[in-house]
Amino acid sequence: MADTPDSSLTTLRGVGPALVDKLAKLGVHVVEDLLFLLPLRYEDRTKLVRIGSLVPGLRCLVEGEVLLAETVYRGRRSLLVRVSDGSGQLTLRFFHFSRAQAAQFRPGVRLSCYGEARKGPAGLEMIHPEYRLLRAGADAGVDDALTPIYPATEGVQQGRLRNLTGQALEKMRASPPEELLPASVRDPFGMPPLADAIQYLHRPPPDADVELMLAGKHPCQQRLAFEELLAHSLSLRHLRALAESEQAIALDDDHALVDRFVGDLPFTLTGAQQRVVGEILADLERPHPMMRLIQGDVGSGKTVVAAIACLKAVASGVQAAIMAPTELLAEQHWRSFSDWFRPLGIEPAWLSGSRKAAARREARAAIADGSARVVVGTHALFQEGVEFDTLGLVVIDEQHRFGVHQRMALRDKGLGAGGQPHQLVMTATPIPRTLAMAAYADLDTSIIDELPPGRKPVTTIALPDSRRDEIVERVHSACASGQQAYWVCPLIGESETLDFEAAERSYAMLTEALPDVRVGLVHGRMRPAEKERGMQAFKQGTIQLLVATTVVEVGVDVPNASLMIIENAERMGLSQLHQLRGRVGRGAAQSHCVLMYKPPLGRLAKTRLAVLRESNDGFVVAERDLELRGPGELLGTKQTGLPEYRVADLVRDAELMPKVMRAAQQLERHAPDAVQAILRRWLSGVDRYGKV
Ligand code: ADP
Ligand code: MG
């Protein structure tokens, strides 16, 4: 509220330091925050219900006179208070009560109470209702607004929250918040003014459409969600504008090296790859840092696109770094890049925590003196005091594994003199468009929406683990016919040890059941060199069946593998299963994926498996995953640092995004002051991407 002189919580009646701490847990730091702490649901105490018309399950307000109160000891000590309003009788049941409390309920005393009617041993009852004793002659005093129920935190009662929000609303009415959305933005959507929306949501009138409010679709909620989404968009766009104002080295060589590389590839780039390469090369030629996200389903061929970007950098005289989320993947990239670049006389360096100290030292020296033109590694690339000579391009693979903040940190590793490095992030978790608008508004997006030719969609089935023998037989015949297979073991929980034990058990079972199949094992507890030996053996075909924990999830590429068995698939998320499944279907043979599960399946697990059976399209899977789990899980909120929203819900409010984007542009152009004020209102005190 722009003109509130003092907005600290202690200006409210009844707020001391202890309460301030508790409120902080709810994200409430100043008085205005209370206005944005919206109720989770509402109770209707605006009308009295006659006891005679109560039905089980109804939550409501009743009024009556005490007939009898007694403490009984059947099973559990409880206080029973029988009340009547002339139309019927109701028992109030308390398990926790003081002697003084019990003594209040003298026959003839009148009271009002709110609770849920349930069937009890002797007619309807309410367990621990909220109640109020009524003075003789006074009536129950119904409320004139619905009662808000706020998100709870320990030690702050609903009554207290109601009181505090009431005080905040009072202050708001005395000095209403500035309306920051111009009428030209509000009117087309019929949005109510901010103060009206806030007042309505905290104290809805008795005739409010509660269903609509519970669904989060009430115009007042949408009004607030819109402004919050707008604030986040503006912040990300600001970040992007900052990048645009920064310098980068324009990589403007004459394409010769890139053309030669593309011409020598054993395959032709798909149309989608060519388009995305074009977008990247155009970015790289500009003297401002590229910030581009490539989305491409598993197997769409992102690696070669990254390689082309790196070549462009090398040809222009700067270094390129590519960062992968796991040791395994970093090494695989290093091998691909080495094979691809060797004919061009470029020897990529490889830096990861797992390499021996001497090798790391050597790599670091080559990176620092610039003799390493292309560097492949894990996050060790920016953790270990690595100095680049002239870092001009950073590629981050499988970016949902890295945080937004890591992304920023890498950027800051940029050049001293030349400016920031160009940045390319690649993800195999396709993000629904509306969500991408909200989460990655600081990035330009390219989509590889085409798979290399000849790929046949993977056929997916779900089978209960009682049919394990059949499945093992299927693995047997696949291997006998020259195909290779993955057997993926479940993630048991947080513990790597348990995962490893499960993998060991499956490995033992399979080696015994399939004496004529060459079985290998790869799991997270192996030393990287061992892991790599296993993977290489599988790639070369010396191993036919690879038993693995989910370490194979990301990126490994073995085209001859055409069968994947996933144990305990019911424990895994949709996107993860889709990633895993993407390991097969890379060669010419028809591939299959068997999702093994332990019955009975819960509703959610059933839906997940059905989605995978029905679709091979990463975008469809991601959309469904988003619906089922919410954006935090899909994007890995914890790691990405995707902010928590106070009012908005990225799934529920996704359809607002296109309008939000338009409003953001409009405000930037015509109302820069409003932009600043919106950012302050919604994001001050929040750990946000860019400083305002
Ligand atoms: P992802 O996008 O999942 O990272 P990769 O880059 O690992 O996919 O590519 C998967 C496989 O497809 C690799 O073996 C790669 O060499 C191959 N590939 C990439 N592009 C093409 C193409 N245009 N035609 C044929 N094969 C391709
Ligand atoms: Mg990849």
Side-chain angles (χ1 to χ4, degrees), residues 258 261-278 280 292-311 322-343 376-378 395-402 424-431 445-458 484 486 535-536 538-541 550-562 564 575-589 591 593 616-619 621-622:
V258 167
F261 174 73
V262 172
D264 287 349
L265 280 174
F267 47 75
T268 318
L269 295 182
T270 61
Q273 283 170 318
Q274 286 175 24
R275 174 171 41 78
V276 171
V277 164
I280 293 169
R292 185 168 288 279
L293 173 74
I294 303 184
Q295 295 189 53
D297 206 347
V298 273
S300 61
K302 294 183 288 296
T303 317
V304 71
V305 171
I308 293 171
C310 290
L311 267 186
I322 170 160
M323 181 165 81
T326 65
E327 301 272 346
L328 197 68
L329 195 55
E331 187 167 348
Q332 180 177 286
H333 282 340
W334 176 70
R335 285 184 197 281
S336 307
F337 277 39
S338 297
D339 291 346
W340 281 332
F341 292 167
R342 198 165 297 122
V376 184
T378 55
V395 181
I396 306 177
D397 193 12
E398 309 293 353
Q399 96 104 48
H400 65 292
R401 306 245 157 163
F402 293 107
L424 184 64
V425 287
M426 309 197 293
T427 176
T429 303
I431 298 151
T445 309
S446 294
I447 300 180
I448 307 184
D449 50 4
E450 184 185 350
L451 294 178
R455 297 273 170 83
K456 301 192 188 83
V458 179
Q484 286 172 281
Y486 292 97
M535 289 308 305
Q536 277 307 113
F538 187 57
K539 215 165 180 166
Q540 284 151 12
T550 48
V551 293
V552 299
E553 179 190 346
V554 180
V556 293
D557 184 35
V558 181
N560 191 47
S562 63
M564 170 163 286
S575 292
Q576 191 185 17
L577 287 167
H578 179 70
Q579 293 289 309
L580 278 170
R581 178 173 62 175
R583 299 306 113 218
V584 294
R586 295 179 163 235
S591 291
C593 176
N616 259 293
D617 181 334
F619 277 88
V621 171

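Start at 1 and go down the list; that is how both ligands and their atoms are numbered. As the structure is a prediction and not an experimental result, all values here were calculated from the model.
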Taking 4.0 angstrom as the limit and counting only heavy atoms of [X], give me the atoms of ligand 1 inside it, by number and element.
X      : answer
Thr270 : 23 (N)
Gly301 : 1 (P), 2 (O), 5 (P), 6 (O), 8 (O), 9 (O), 19 (C)
Thr303 : 4 (O), 5 (P), 6 (O), 7 (O)

- Message: Testing the basics here: between Val458 and Asn616, what is the closest heavy-atom pair and its distance to 0.1 Å?
- Response: O-ND2, 2.7 Å

- Item | Test item: Gln484 side-chain N/O and Phe538 main-chain N/O as donor-acceptor pair under 3.5 Å | yes

- Note on the structure: So OG1 of Thr270 and CD of Glu450: to nearest 0.5 Å the spacing works out to 4.5 Å

- Task: Could you tell me the separation between the CG atom of Asp397 and the CD1 atom of Ile322, rounded to the nearest 0.5 Å?
- Result: 5.5 Å

- Message: Heavy-atom contact check, 4.0 Å cutoff: does Gly299 meet ligand 1?
- Response: yes

- Message: Contact between ligand 1 and Thr268 is defined here as a heavy atom of the residue under 4.0 Å from a ligand atom; is it met?
- Response: yes

- Task: Kindly indicate, with the supporting measurements, whether the criterion side chain to side chain contact (heavy atoms under 4.5 Å, CB included) is fulfilled by Ile308 and Leu269.
- Result: CA-CA 11 Å; Ile308 293 171; Leu269 295 182; 3.8 Å; yes

- Query: Out of Gln332, Gln579, Arg455, whose heavy atom is nearest to atom 17 (C) of ligand 1?
  - Reply: Arg455

- Message: For a side chain to side chain contact (heavy atoms under 4.5 Å, CB included) check, start with the C-alpha distance between Asp449 and Arg275, then their side-chain angles and the critical distance, and finish with the verdict.
- Response: CA-CA 10 Å; Asp449 50 4; Arg275 174 171 41 78; 3.0 Å; yes

- Task: Determine, stepwise, if the pair Thr303 / Phe337 fulfils side chain to side chain contact (heavy atoms under 4.5 Å, CB included).
- Result: CA-CA 9 Å; Thr303 317; Phe337 277 39; 3.9 Å; yes

- Query: Does an N or O from Val298, backbone or side chain, lie closer than 3.5 Å to an N or O of ligand 1?
  - Reply: no

Can you tell which part of [X] has a heavy atom less than 4.0 Å from ligand 1: side chain, backbone, both or neither?
X      : result
Leu269 : backbone
Asp397 : neither
Arg586 : side chain

